[in-house]
Amino acid sequence: MSAERDGLVIAHLGKGVAVEGANGAIVLCHTRRRLGDVTVGDRVRWVACDGDLGRVESVLPRTSCLLRPGYAGKLRYVAANLDRIYVVLAPLPEPDWLLVDQFLAVTEARDIDARLLVNKADLTATAGSDGISARLREYEMAGYTVRAVSALQRTGMDALMSELQGQCSMFVGQSGVGKSSLTNTLLPERDLRIGEISEKSGLGRHTTTTATLYHLPGGGDLIDSPGVAVFGLAEMNWNQLAWSYREFQSLIPNCRFNDCRHAGDKGCAIMDAVNRDKVSAARYQRFLKLGEKLSSQMSGV
Ligand SMILES: Nc1nc2c(ncn2[C@@H]2O[C@H](COP(=O)(O)OP(=O)(O)OP(=O)(O)O)[C@@H](O)[C@H]2O)c(=O)[nH]1
Ligand SMILES: [Mg+2]
Ligand SMILES: [Zn+2]
């Protein structure tokens, strides 16, 4: 049997995973059942088998992972070893702020950095963009970095590219905000890689429906996840949700009661900060909404 080698999972292909070896070559690998799910971003040890195939022998410890709800309540991996998520939004389609907060909360709870990326900066004259600016200031107040770019006009893309270096990042956000356009602008080699993976897997072009990891020309990795990646709030409870709102973290220890739910409780430091305009009332209202969503999930509704 051949020796074990290091590899990086760059795509999940249904019947196996595409593993990039240390020399950059891509090998289709099967995984041992006892390993459980192996996901894009995983660092693995693998051996060469018959023909061009390989087998994953072990998965190295993950520094982070994101999960989503799958069939029959089973949690599935979205990606592993991510350093940062960019929540992409745009003047059009109109932002879904509850979805933005859900992305930010799950990411925070998983110890992954998150930033806001406002695409379509060329549309600033669009009706409603004043409202967006006001909202974005609330996120800055909460401790988030906000960057504006235009994939179409390629403004702000160089600065974004240098920020992506040395990190493994992923773009998420509602449909139509421009995640694919941004990825295409950043990754001139993207189609080549998709072609290579398709060829290896023998599955043809439809492998582009899977999350894929790309190396950026300037260094760093970008995971392109097709469609809207939904990370479940599933494994979170009310308490963890409160801690995943960045601007609540320094306040929670000041609530009068240890078991404060920050929802009408006496002496709540978060509600007090909302009343003094120190915390965005809109963010606080969305926290309550997401909390209700959690509670209804837990009771099986
Ligand atoms: N005006 C303008 N339009 C843009 C920009 N970036 C993308 N678009 C347009 O927005 C539309 C949606 O872009 P996509 O890149 O497909 O969006 P997406 O986020 O990948 O959408 P899903 O794959 O459905 O989740 C396309 O028609 C793009 O041409 C931009 O910077 N400015
Ligand atoms: Mg897309
Ligand atoms: Zn409280």
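As the structure lists them, so they are numbered: ligands from 1, and atoms in each ligand from 1.
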### Query
If you check every N/O/S atom of His262, which is the one nearest the Zn ion (ligand 3)?
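Sorting the N, O and S atoms of His262 by distance to the Zn ion (ligand 3) puts ND1 first.
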
### Gln167 side chain vs Leu164 backbone, donor-acceptor pair below 3.5 Å
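Side chain of Gln167 to backbone of Leu164: no pair is present.
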
### Message
Minimum distance, heavy atoms only, to atom 8 (N) of ligand 1: which one of Lys120, Met157, Gln174, Gln153 is it?
### Response
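Among Lys120, Met157, Gln174, Gln153, the closest heavy atom to atom 8 (N) of ligand 1 belongs to Lys120.
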
### Task
Just go through Gly178, Ala90, Ala121, Ser181 and tell me whose heavy atom is the nearest to atom 28 (C) of ligand 1.
Ser181

### Message
Distance alone, cut at 3.5 Å: any donor-acceptor contact between the side chains of Tyr86 and Glu163?
### Response
yes

### Asp111-Ser64 side chain donor-acceptor pair, cut-off 3.5 Å
no

### Task
May I ask you to say whether Glu138 pairs ionically with Arg283, meaning some side-chain N is under 4.0 Å from a carboxylate O?
no

### Query
Any ion pair linking Arg68 and Asp37 (charged N to carboxylate O, less than 4.0 Å)?
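No.
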
Report the part of [X] (side chain from C-beta onward, or backbone N, CA, C, O) that has a heavy atom under 4.0 Å from ligand 1; answer both or neither where that applies.
X      : answer
Val88  : neither
Leu123 : side chain
Val177 : both

### Ring-face cation contact, Trp238 with Arg261, 6.0 Å cut, 45° max
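Here Arg261 passes the 6.0 Å and 45° test against Trp238.
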
### Query
Are Val118 and Leu98 connected in the hydrophobic side-chain network, where two residues link if heavy atoms are under 4.5 Å apart?
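Same hydrophobic cluster.
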
#### Entry: Under 3.5 Å: N/O of Leu152 near N/O of ligand 1
yes

#### Entry: Polar atom proximity, Val149 to ligand 1 (N or O, under 3.5 Å)
no

### Query
Where the Zn ion (ligand 3) is the corner point, what angle links SG of Cys268 with SG of Cys255, to 10°?
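Once rounded, the angle between the two atoms at the Zn ion (ligand 3) is 110°.
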
### Query
Mind checking whether Phe248 and Phe287 have ring centres under 6.0 Å apart?
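Ring centroids of Phe248 and Phe287 are less than 6.0 Å from each other.
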
### Query
At what distance, to the nearest 0.5 angstrom, does CG of Leu92 lie from CG of Leu123?
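Spacing of CG (Leu92) from CG (Leu123) equals 6.5 Å.
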
For [X], counting its heavy atoms only, list the atoms of ligand 1 lying under 4.0 Å from any of them.
X      : result
Asp122 : 1 (N), 2 (C), 30 (C), 31 (O), 32 (N)
Asn119 : 5 (C), 6 (N), 7 (C), 31 (O)
Lys179 : 15 (O), 17 (O), 18 (P), 19 (O), 20 (O), 21 (O), 22 (P), 25 (O)

### Query
Do you see an N/O/S atom of Ser181, backbone or side chain, under 2.8 Å from the Mg ion (ligand 2)?
no

